[in-house]
Amino acid sequence: MQFTASQIASIAGGTVEGDGNAVVNSFAKIEDGHVGAISFLANPKYTQYIYTTDSSVVLVSSDFIPEKPLKCTLIKVSDPYATVARLLDMASKMMEPVLTGKEEPCFVADGVELPEDAYVGAFAYVGKGARIGKGVKIYPQAYIGHNVEIGDGSVVYPNASVYHNCKIGRRCVIHSGAVIGADGFGFAPVDGHYDKIPQIGIVELEDDVEVGANTTVDRATMGRTLIQKGTKLDNLIQVAHNCVIGHDTVMAAQVGVAGSTKIGSNCMVGGQVGFKGHILVGDNVQIGAQSGIAGNLREGSRVMGSPALDMGKYARQAALTKNLPWLFDRLKELEKRVSELEN
């Protein structure tokens, strides 16, 4: 992979300031730049590094004006972060090996039709009645259960499992160790013990959903657990039975969503957030890391803490909490003075 600054600017719709013939063949963080690398500046906290970086080319915002001389060539774009994401996606696809056909040994049930450009790796299992779309990649030791549907261009990485009857949309990515469609946690207390409640629903992932490594999405008791289009789930997330997560929502690692909770679209959820079951979370909600969500949240809420509070209130509470030892000492001193006055 080798491009000039002018070629990259043409691809990105940007303008070059500096040497348009500067050549790049790799990516690097701006603080770790080296000759031949392209970096980006999106966060103002990293502005200092643009004056010292050894990267050959740096993507910057269209309104960026340097305050000192630069060694690097600039490519000015409207959104450096989105642009570098596009370039990384292009580079990733160029570096990916072209995988098609079946590696032996693997098991593909009789009657399952594999498109010519699909791939099934060694020791993978594809069950009876499965429907596999064009360009689907099923990596070694992945499990695809009976009657599973996988849409065009989706990828199932090694050791991931998709249980029977579940539906995977187009261009989805299921990373290693993820489990789609295991039983929901349903048990009925009967005479001092628990009887299992059969989980006969499915999981459905709409188009462009990504599921991180070792994340689990449980099948519904009845109906479906639904992850809508464009949503991205990080590693080590638990989504329980009959949950619905709206489109283009993102969740960081170790989030836990209890059963029948409905989370809106375009939400941002920090790591280790816990959701109570049977609650409603509106669209465009932002939730800080390690928050506990015990009730409904209206659209556009910004909360943090456990139990969760409005972010402004939480920040004030946190500031006061740090002062508690001093406030306690002050209270004791005031009590002492009141006691002396009373005597």
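For the single chain, residues carry numbers from 1 onward in sequence order.
- Residues Y51 and E67 bring no donor and acceptor atom of their side chains to less than 3.5 Å of each other.
- Following chains of ILVMFWY side-chain contacts shorter than 4.5 Å, one cannot reach V60 starting from I8, and the two form parts of different hydrophobic clusters.
- For the pair H175/E210, a side-chain contact is recorded, criterion being any heavy-atom separation below 4.5 Å from C-beta on.
- Both I144 and V108 are part of a single hydrophobic cluster, where members link through side-chain heavy atoms under 4.5 Å apart.
- Residue pairs meeting the salt bridge (charged side-chain N to carboxylate O under 4.0 Å, His left out) criterion with at least one partner in residues 142-154, sequence neighbours excluded, are R131-E149.
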Point to revise | Evaluation steps, side-chain contact (heavy atoms from CB on, under 4.5 Å), between N159 and Y143 | key: CA-CA 7 Å; N159 299 304; Y143 172 85; over 6 Å; no
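- Aromatic rings of Y119 and Y139 (six-membered ring for Trp) have centroids within the 6.0 Å cut-off, being under it.
- Other residues, nucleotides and ligands contribute only 12 or fewer heavy atoms inside 6.0 Å of the OH atom of Y46.
- Defined by atom type and a distance below 3.5 Å, a donor-acceptor pair is missing between the side-chain atoms of E206 and H247.
- Residues V281 and M304 do not share a hydrophobic cluster, clusters being chains of Ile/Leu/Val/Met/Phe/Trp/Tyr side chains in contact below 4.5 Å.
- Contact of the F64 side chain with the I50 side chain is registered, since non-hydrogen atoms from C-beta on lie closer than 4.5 Å.
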Run the side-chain donor-acceptor check on residues 324-343: report pairs under 3.5 Å with partners two or more places apart or on a different chain.
from: E333; atom 1: OE2; to: R337; atom 2: NE; distance (Å): 3.4
from: N343; atom 1: ND2; to: S339; atom 2: O; distance (Å): 3.2

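- Under 3.5 Å, the side chains of D218 and Q238 contain a donor-acceptor pair of N or O atoms.
- Side-chain contact between C243 and V257 is present, with heavy atoms from C-beta onward closer than 4.5 Å.
- F40 CZ to L88 CG: the interatomic distance, rounded to the nearest 0.5 Å, is 8.0 Å.
- A donor-acceptor pair shorter than 3.5 Å can be found between the side chains of T221 and H241.
- Residues A252 and V255 come closest through the heavy atom pair O-CG2, 3.1 Å.
- Between D63 and K76 there is no salt bridge, since no side-chain N of the basic residue sits under 4.0 Å from a carboxylate O of the acidic one.
- When all heavy atoms of V58 and C72 are compared, the closest pair comes out as CG2-SG, 3.7 Å.
- Side-chain contact between I75 and E17: absent, with no pair of heavy atoms (C-beta onward) separated by less than 4.5 Å.
- Once rounded to the nearest 0.5 Å, the distance linking CD1 of I287 with OG of S301 reads 8.5 Å.
- Looking at heavy atoms from C-beta onward, S291 lies out of side-chain contact with S306 at the 4.5 angstrom threshold.
- Under a 3.5 Å cut-off, the side chain of H146 and the backbone N or O of K128 do form a donor-acceptor pair.
- Residue D208 forms a salt bridge (Lys or Arg N to Asp or Glu O under 4.0 Å) with just one option from K229, K232, R171, and that option is R171.
- Checked by atom type and distance alone, the side chain of T225 pairs as donor or acceptor with a backbone atom of N242 at under 3.5 Å.
- Looking at residues two or more places apart in sequence or on another chain, you find no side-chain hydrogen bond (donor to acceptor under 3.5 Å, both in side chains) involving S154.
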Practice item. I would like to know whether T52 and Q48 meet side-chain contact (heavy atoms from CB on, under 4.5 Å); could you show each step before the answer? Key: CA-CA 8 Å; T52 59; Q48 59 181 312; over 6 Å; no
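- Judged by distance alone, the side chains of H193 and D195 do bring a donor and an acceptor atom under 3.5 Å apart.
- Residues A22 and T73 share a closest heavy-atom pair of CB-OG1, 4.0 Å.
- Of the charged side-chain nitrogens involved, none lies within less than 4.0 Å of a carboxylate oxygen, so that K313 and D310 do not count as a salt-bridged pair.
- Applying the 6.0 Å contact sphere to OH of Y125 captures more than 12 heavy atoms from other residues, nucleotides or ligands.
- For the atom pair I138 CD1 and L114 CG, the distance stands at 7.0 Å (nearest 0.5 Å).
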Practice item. Determine, step by step, whether F275 and V269 satisfy the side-chain contact (heavy atoms from CB on, under 4.5 Å) criterion, reporting the C-alpha distance in whole Å, the side-chain angles of both residues, the deciding distance to 0.1 Å, and the verdict. Key: CA-CA 11 Å; F275 291 87; V269 182; 3.9 Å; yes
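- Considering every non-hydrogen atom in both N296 and L280, the closest pair reads OD1-N, 2.8 Å.
- With rounding to the nearest 0.5 Å, the separation of CD in E299 from CG in N266 is 9.5 Å.
- To the nearest 0.5 angstrom, L41 atom CG is 10.0 Å from T53 atom OG1.
- Judged by distance alone, with hydrogens and angles left aside, the side-chain atoms of D54 form no donor-acceptor pair with the main-chain N or O of V35 at under 3.5 Å.
- Between the E103 side chain and the A122 main chain, a donor and an acceptor come within less than 3.5 Å of each other.
- F107 is not listed as a side-chain neighbour of V120, based on a closest heavy-atom distance of 4.5 Å or more.
- No donor-acceptor distance shorter than 3.5 angstrom exists from the side chain of N214 to the backbone of N235, with no hydrogens or angles considered.
- In this structure, the side chain of R86 engages the main chain of I11 through a donor-acceptor pair within 3.5 Å.
- When side chains are defined from C-beta on, Y163 counts as touching V179, because their heavy atoms get closer than 4.5 Å.
- Once rounded to the nearest 0.5 Å, the distance linking CG of L59 with OG of S39 reads 8.5 Å.
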Practice item. Carefully, step by step, assess L226 and I245 under the rule side-chain contact (heavy atoms from CB on, under 4.5 Å). Key: CA-CA 6 Å; L226 176 63; I245 299 178; over 6 Å; no
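- Residues V162 and I168 meet the side-chain proximity criterion, which asks for heavy atoms closer than 4.5 Å.
- Counting all heavy atoms, side chain and backbone alike, V217 lies closest to L233 at CG2-CD1, 4.2 Å.
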